[in-house]
Amino acid sequence: MPAHANAHSSPKRPTAEPGSVVGQPVMQRIIDQRFTVSYSFPVIFTRTVFDAGNTVLLDVMARSGHAQNRVLVVVDSEVLRLNPGLSASIERYGETHKRVMRLVAPPFLMKGGENCKNDRSEVGRIHALVERHKLCRHSFIIAIGGGAVLDAVGYAAATAHRGVRLIRLPTTVLAQNDAGVGVKNGINAFGRKNFIGTFAPPFAVINDSVFLESLPARDLRAGIAEAVKVALIQDREFFDFLYRERTGLSRFIPAVMENMIFRCAELHVRHISRSGDPFESGSSRPLDFGHWIAHKLEELTGGDIRHGEAVAIGIAVDSLYSHGVGLLGDPDLHRILTLLETLGFELNHPALPRLDPEAALAEFREHLGGALSIPLLEGIGRKVDAHRIDIPLMKQCIAMLAEPVPSKGLSRG
Ligand SMILES: NC(=O)c1ccc[n+]([C@@H]2O[C@H](COP(=O)([O-])OP(=O)(O)OC[C@H]3O[C@@H](n4cnc5c(N)ncnc54)[C@H](O)[C@@H]3O)[C@@H](O)[C@H]2O)c1
Ligand SMILES: [Zn+2]
């Protein structure tokens with residue numbers, strides 16, 4: 001008989017677990033583990049990053065401490081389709097600067113838009129490239145694309161070898177002023193947005209405004225929603241700027257857009273470092289103003305609505321609700337709705353009647369990880385957290401989106 005069978009058949013001894021002896025003190029020994037990791041990364045604004053004379057990328061890599069760096073470039077398929085010369089420019093840049101950066105392969109294409117976050121094989125393909133080209137934790141992945149591609153590549157980079165260095169080159173307004181400058185990544189699963197993901201600060205972010213030149217109006221507009229959001233919760237002066245420049249923004253005048261993107265990115269980056277909760281362990285998510293609805297609408301429409309478009313609707317609803325509970329005055333509400341509509345956002349989306357606020361809030365609570373905390377406005381530039389939402393009032397606010405601006409939720413007379 002094998003030895004283990006003998007051991008198995010020996011008579012059972014009474015359990016000797018310390019906790020199980022009634023009346024005896026519970027034995028415990030603790031090693032208190034504590035350490036701090038500090039992060040820093042630059043968010044650099046430039047133009048034509050792959051021009052041979054532009055040294056921004058090289059200067060970033062110089063911070064790696066290595067003379068030569070192995071680099072894999074991943075590009076959003078739509079960016080490449082609209083900028084057919086981009087691959088050649090990247091390869092030329094790599095060739096010119098091969099002493100600093102060695103491209104391990106030609107730029108690799110990732111499906112642009114939400115597709116890459118819905119299809120897990122996209123992340124698997126990046127992992128396979130990391131393995132095939134022997135990238136290590138000191139190598140670089142450069143992700144060029146919209147927020148979705150940055151999220152998916154960021155997740156792949158963070159999980160391959162437990163973290164390959166990531167440089168983000170955001171190519172949409174929303175990615176340059178919000179999604180690309182933060183510390184999160186993720187993909188969708190089980191029909192839920194960002195269900196899988198990590199907190200992983202990038203090595204650097206490089207915002208090249210030339211990428212925005214191929215963006216359609218829809219995506220130029222969508223990104224402005226995040227600027228409106230951050231202005232509303234943090235910075236009245238920035239809101240005044242957006243309101244004053246609303247016509248220029250609605251026409252996507254480059255100089256106005258660039259100022260909007262810079263200030264929005266700056267507020268986001270500062271919030272992350274100064275909020276005291278960069279990895280969102282608490283339940284409060286100030287930057288998620290308007291987002292509980294946004295995430296739900298994105299799910300309900302299967303990704304047909306852009307994140308920024310959904311955020312604009314979420315901002316409108318939560319502003320109407322803030323007004324409904326007496327936190328926000330008539331003039332402020334009017335200015336917020338006027339700004340969103342002048343920018344061209346469609347606030348009365350056909351998916352709204354299918355939105356069940358009770359279920360959506362319950363899911364959002366789960367996403368937050370515990371208590372419900374919904375940012376509301378107690379004035380422009382000042383947010384306050386609500387831990388209870390009046391569902392009938394919320395339903396009324398959602399229904400109000402079907403009305404024209406002057407009558408939306410404003411006291412009449
Ligand atoms: N990680 C975060 O902190 C964070 C924050 C906010 C949003 N997000 C995520 O970001 C995503 C939304 O990002 P988005 O608004 O950039 O949309 P997106 O990435 O879906 O891009 C929109 C479309 O534009 C295309 N595109 C990208 N750059 C282009 C360019 N320069 N010219 C022409 N077309 C271009 C894309 O291929 C896509 O088809 C969502 O998945 C959202 O969840 C993440
Ligand atoms: Zn957002």
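Heavy-atom contacts from other residues, nucleotides or ligands closer than 6.0 Å to CD of Q68 number more than 12.
Atom NE2 of H323 is separated from atom CG of L377 by 12.0 Å, given to the nearest 0.5 angstrom. Rounded to the nearest 0.5 Å, atoms OG1 (T247) and CG (L343) are 9.0 Å apart. Between L361 atom CG and M394 atom CE the span is 6.0 Å, to the nearest 0.5 Å. Rounded to the nearest 0.5 Å, atoms CZ (R70) and NE2 (H133) are 9.0 Å apart. Here SG of C264 is found 3.5 Å from CG of N177. Values are rounded to the nearest 0.5 Å. Note that CE of M260 and CD of Q176 are 9.5 Å apart. Values are rounded to the nearest 0.5 Å.
Taking the side chain as every heavy atom from C-beta outward, Y321 and L393 approach each other to under 4.5 Å. Looking at heavy atoms from C-beta onward, V173 lies in side-chain contact with L212 at the 4.5 angstrom threshold. The shortest distance between side-chain heavy atoms of N259 and F241 falls below 4.5 Å. Annotation: side chain of V230 is not in contact with side chain of D235 (no heavy-atom distance under 4.5 Å). Within the 4.5 Å cutoff, side-chain heavy atoms of M61 are placed close to those of I167.
Salt bridge K229/D318: absent, no basic N to carboxylate O contact under 4.0 Å. A salt bridge links K383 to D385: one of the charged nitrogens lies within less than 4.0 Å of a carboxylate oxygen. Salt bridge R335/D240: present, at least one basic N to carboxylate O contact under 4.0 Å. Using a cut-off of 4.0 Å between Lys/Arg side-chain N and Asp/Glu carboxylate O, R192 and E366 are scored as salt-bridged.
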Practice prompt. Report the C-alpha separation of D332 and R236 in whole Å, then their side-chain angles, then the decisive distance to 0.1 Å, and conclude whether the salt bridge (charged side-chain N to carboxylate O under 4.0 Å, His left out) test is met.
Written response: CA-CA 11 Å; D332 280 351; R236 191 175 179 105; 3.4 Å; yes
Salt bridge (charged side-chain N to carboxylate O under 4.0 Å, His left out) between E213 and R47, worked out:
CA-CA 11 Å; E213 290 171 9; R47 285 180 71 77; 3.2 Å; yes
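I196 and A189 make their closest contact through CD1-CB, 3.8 Å (heavy atoms, listed as atom of the first residue, atom of the second, distance). Closest approach of A231 to L242, counting heavy atoms only: CB-CD1, 3.9 Å. For the residue pair E309 and R306, the shortest heavy atom distance occurs at OE1-N, 2.8 Å. In this structure, G145 and V79 approach most closely via the heavy-atom pair CA-CG2, 4.4 Å. The nearest pair of heavy atoms linking S214 to L82 is O-CD1, 3.7 Å. For the pair L401 and A316, the tightest heavy-atom approach, listed with the atom from each and the gap, is CD2-CB, 3.8 Å.
In summary, the side chains of D119 and S121 do present a donor paired with an acceptor at a separation below 3.5 Å, with no hydrogens or angles considered. Judged purely by distance below 3.5 Å, without hydrogens or angles, the side chains of T46 and D208 never pair a donor atom with an acceptor atom.
For the pair T172 (side chain) and A175 (backbone), a donor-acceptor distance under 3.5 Å is present. In this structure a side-chain-to-backbone donor-acceptor pair under 3.5 Å is present from R168 to G180. Between the side chain of D76 and the backbone N or O of G146, at least one donor-acceptor pair lies under 3.5 Å. A side-chain donor-acceptor contact under 3.5 Å links N69 to the backbone of V100. Counting only distance, with no hydrogens or angles, the side chain of N185 and the backbone of T198 share a donor-acceptor pair below 3.5 Å.
Listed by chain and residue number, L129 satisfy the side chain to side chain contact (heavy atoms under 4.5 Å, CB included) test with R132 (two or more places apart in sequence, or in another chain).
Aromatic pair Y39/F279: centroids less than 6.0 angstrom apart. When ring centroids are compared, H291 and H307 come within the 6.0 Å threshold.
Between Y243 and F239, the angle of the ring planes stays under 30°, which puts this pair in the parallel group of the 30/60° scheme.
Each of K117, E298, K184 was compared with N194 under the side chain to side chain contact (heavy atoms under 4.5 Å, CB included) criterion, and only K117 meets it.
Residue pairs meeting the ring pair (Phe, Tyr, Trp, His ring centres under 6.0 Å) criterion with at least one member in residues 135-181, sequence neighbours excluded, are H66-H138, F140-F203.
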